[in-house]
Amino acid sequence: MNARIAIALTLVAAFALGAVVLASGSSGRDEPVGFEGSTMPTGVRAPDFDLRDQDGKPVSMRALRGRPVLVSFLYTTCDDTCPAQAQTMRGALDDLGHDVPAIAIAVDPARDTPARARAFLLKARATGRIDFVLGSRAQLRPLWKGFFIRPQSVDQEHQARFTLIDKKGFQRIGFPGDAATPEALAHDLRLLEDE
């Protein structure tokens with residue numbers, strides 16, 4: 001092979017490799033941070049509410065501002081997806097290393113009583129870590145609508161989903177219930193805490 005061609009090919013390869021290294025070695029300071037979940041449309045505020053938890057204590061989205069919030073949608077008599085979601089939430093808090101507000105919004109208000117919510121959280125070993133937001137169908141309907149959730153019904157299972165709310169009260173990250181892992185939720189909660 002001609003020496004000039006070998007030098008030219010070596011230079012081209014070196015420049016190509018340098019371009020790849022520069023592109024992948026970016027500091028990331030000017031790039032958006034990579035969330036594990038799906039980013040939600042900008043400016044969608046989490047619906048505010050003034051309801052009660054399983055212990056009768058008041059819960060409102062407004063009072064949770066200033067911290068990221070982990071939200072799920074559960075019902076107390078569920079025996080498949082809901083217990084798994086509660087475990088995913090608990091695992092995310094464990095992985096995070098500290099608790100952030102975590103709420104489960106009831107999707108079957110006729111059966112989601114305070115006693116059943118306490119029993120559900122006890123069985124999930126999530127007492128004191130997850131608050132079950134309870135209310136009547138009329139009280140919960142604005143939350144379901146604001147979070148774009150289909151509640152439990154006689155002929156349809158509710159939508160299993162997690163939503164992460166940022167410190168300013170906006171819906172930022174969404175996960176389908178079966179696609180979320182504790183590690184992914186914790187990762188995204190860390191990023192929201194750092195904002």
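Numbering starts at 1 and runs along the sequence shown.
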Enquirer: Please check if the side chain of Asp131 supplies one atom and the backbone of Asp53 the other of a donor-acceptor pair under 3.5 Å.
Expert: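 Not confirmed, Asp131 side chain does not pair with Asp53 backbone.
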Enquirer: If we only count heavy atoms from C-beta on, is the Asp55 to Pro114 side-chain gap below 4.5 Å?
Expert: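 Asp55 vs Pro114: side chains apart.
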Enquirer: Using modelled atom types and a 3.5 Å cut-off, is there a donor and acceptor pairing between side-chain atoms of Arg172 and backbone atoms of Thr39?
Expert: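 No, because the side chain of Arg172 does not come within donor-acceptor range (under 3.5 Å) of the backbone of Thr39.
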Enquirer: Can you check side chain to side chain contact (heavy atoms under 4.5 Å, CB included) on Phe162 and Val71, steps first, answer last?
Expert: CA-CA 6 Å; Phe162 296 97; Val71 179; over 6 Å; no
Enquirer: Would you give the length of the straight line joining atom CD1 of Ile103 to atom OG of Ser72, rounded to the nearest 0.5 angstrom?
Expert: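 Answer for the CD1-OG pair, Ile103 versus Ser72, is 8.0 Å.
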Enquirer: How many angstroms lie between CZ in Arg111 and CZ in Arg116, if you round to the nearest 0.5 Å?
Expert: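 The CZ atom of Arg116 is 7.5 Å from CZ of Arg111, to the nearest 0.5 Å.
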Enquirer: With the side chain counted from C-beta on, respond yes when Leu143 and Arg141 share a heavy-atom pair under 4.5 Å apart, and no when they do not.
Expert: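 SC-SC contact between Leu143 and Arg141 ruled out.
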Enquirer: Whether the side chain of Arg137 engages the backbone of Val107 through a donor-acceptor N/O pair (distance < 3.5 Å, no angle test) should be reported.
Expert: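 Side chain of Arg137 to backbone of Val107: no pair is present.
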Enquirer: Indicate yes or no: at least one non-hydrogen side-chain atom of Leu96 is less than 4.5 angstrom from one of Val100.
Expert: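 Yes, their side chains come closer than 4.5 Å.
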Enquirer: Can you tell me if Gln85 uses its side chain to pair, donor with acceptor, with the backbone of Ala160 under 3.5 Å?
Expert: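 No, because the side chain of Gln85 does not come within donor-acceptor range (under 3.5 Å) of the backbone of Ala160.
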Enquirer: Is the backbone of Gly37 close enough, under 3.5 Å, to the side chain of Asp188 for a donor and an acceptor to pair up by distance?
Expert: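 The answer is yes, because a donor-acceptor pair under 3.5 Å joins these two groups.
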Enquirer: Considering non-hydrogen atoms only, spot the tightest contact between Ala186 and Ala92 and give its length.
Expert: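 Heavy atoms only, the tightest pair is CB-O, 3.6 Å.
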Enquirer: For Phe49 and Leu140, what are the C-alpha separation, side-chain angles and deciding distance, and is it a side chain to side chain contact (heavy atoms under 4.5 Å, CB included)?
Expert: CA-CA 9 Å; Phe49 57 87; Leu140 292 166; over 6 Å; no
Enquirer: Has Trp144 got a side-chain atom pairing as donor or acceptor with Phe73's backbone, closer than 3.5 angstrom?
Expert: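 The answer is no, because no donor-acceptor pair under 3.5 Å joins these two groups.
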Enquirer: Mind checking the SG-CD spacing from Cys82 to Gln87? Nearest 0.5 Å is all I need.
Expert: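 Between Cys82 SG and Gln87 CD, I get 12.0 Å after rounding to 0.5 Å.
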Enquirer: Which pair of non-hydrogen atoms, one from Ser136 and one from Gln139, has the smallest distance, and what is that distance?
Expert: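 That closest heavy-atom pairing would be N-OE1, 2.8 Å.
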Enquirer: Okay, side chain of Arg90, backbone of Ala126: is any donor-acceptor separation there less than 3.5 Å?
Expert: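 Not confirmed, Arg90 side chain does not pair with Ala126 backbone.
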Enquirer: Is it the case that the side chain of Gln171 and the backbone of Ile165 share a donor-acceptor pair, with hydrogens and angles ignored and the cut-off at 3.5 Å?
Expert: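 Looks like no, no N/O pair under 3.5 Å.
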Enquirer: Could you check if a side-chain atom of Ile105 sits within less than 4.5 angstrom of a side-chain atom of Phe132, using non-hydrogen atoms only?
Expert: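 No, every pair of side-chain atoms sits at 4.5 Å or beyond.
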Enquirer: Start with the C-alpha distance between Thr42 and Phe170, add both sets of side-chain angles, then the distance that settles side chain to side chain contact (heavy atoms under 4.5 Å, CB included), and finish with yes or no.
Expert: CA-CA 8 Å; Thr42 304; Phe170 290 98; over 6 Å; no
Enquirer: Leu70 versus Leu185: any side-chain heavy-atom pair under 4.5 Å?
Expert: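 They are in contact (side-chain heavy atoms under 4.5 Å apart), so the answer is yes.
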Enquirer: Rounded to the nearest 0.5 Å, what separates atom CG in Leu192 from atom CZ in Arg67?
Expert: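 It is 14.0 Å, given to the nearest 0.5 Å.
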Enquirer: Salt-bridged, Asp95 to Arg190, with N to O below 4.0 Å?
Expert: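 Arg190 and Asp95: salt-bridged.
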Enquirer: So do Thr76 and Thr113 actually touch side chain to side chain, heavy atoms under 4.5 Å?
Expert: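 No, too far: nothing below the 4.5 Å cut-off.
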Enquirer: Carefully, step by step, assess Arg65 and Lys168 under the rule side chain to side chain contact (heavy atoms under 4.5 Å, CB included).
Expert: CA-CA 6 Å; Arg65 291 219 181 105; Lys168 295 178 183 175; 5.7 Å; no
Enquirer: If we only count heavy atoms from C-beta on, is the Thr127 to Arg118 side-chain gap below 4.5 Å?
Expert: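 A side-chain contact is absent here, since even the closest heavy-atom pair is not under 4.5 Å.
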Enquirer: For residues Met61 and Pro47, determine if any side-chain heavy atom of one lies less than 4.5 Å from a side-chain heavy atom of the other.
Expert: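 Result no, sub-4.5 Å side-chain heavy-atom pair not found.
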Enquirer: Return the CD to CG distance between Gln54 and Asp112, rounded to the nearest 0.5 Å.
Expert: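 It is 11.5 Å, given to the nearest 0.5 Å.
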Enquirer: Which atom names give the shortest non-hydrogen contact between Leu191 and Gly34, and what distance separates them?
Expert: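 For Leu191 versus Gly34, the nearest heavy atoms are CD1-O, 3.5 Å.
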Enquirer: Output the distance between atom CG (Leu74) and atom OG1 (Thr81), rounded to the nearest 0.5 Å.
Expert: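 Leu74 CG to Thr81 OG1: 8.0 Å, rounded to 0.5 Å.
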Enquirer: Are Phe147 and Met40 connected in a single hydrophobic cluster, I mean Ile/Leu/Val/Met/Phe/Trp/Tyr linked by side-chain heavy atoms less than 4.5 Å apart?
Expert: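 Result: no, two separate clusters.
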Enquirer: Can you name the nearest heavy-atom pair linking Ala86 to Ile130, along with the distance?
Expert: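 Of all heavy-atom pairs spanning Ala86 and Ile130, the closest is O-CD1, 4.0 Å.
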Enquirer: Kindly give the heavy-atom pair with the smallest separation between Ala184 and Thr181, and that separation in Å.
Expert: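 Closest pair (atom of Ala184, atom of Thr181, distance): N-OG1, 3.0 Å.
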Enquirer: So does Arg45 pair up with Asp166, basic N to acidic O under 4.0 Å?
Expert: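 No, no charged N to carboxylate O under 4.0 Å.
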Enquirer: Please answer whether the main-chain N or O of Glu195 pairs with a side-chain N or O of Lys167 as donor and acceptor at a distance below 3.5 Å.
Expert: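 Here the side-chain-to-backbone pair exists.
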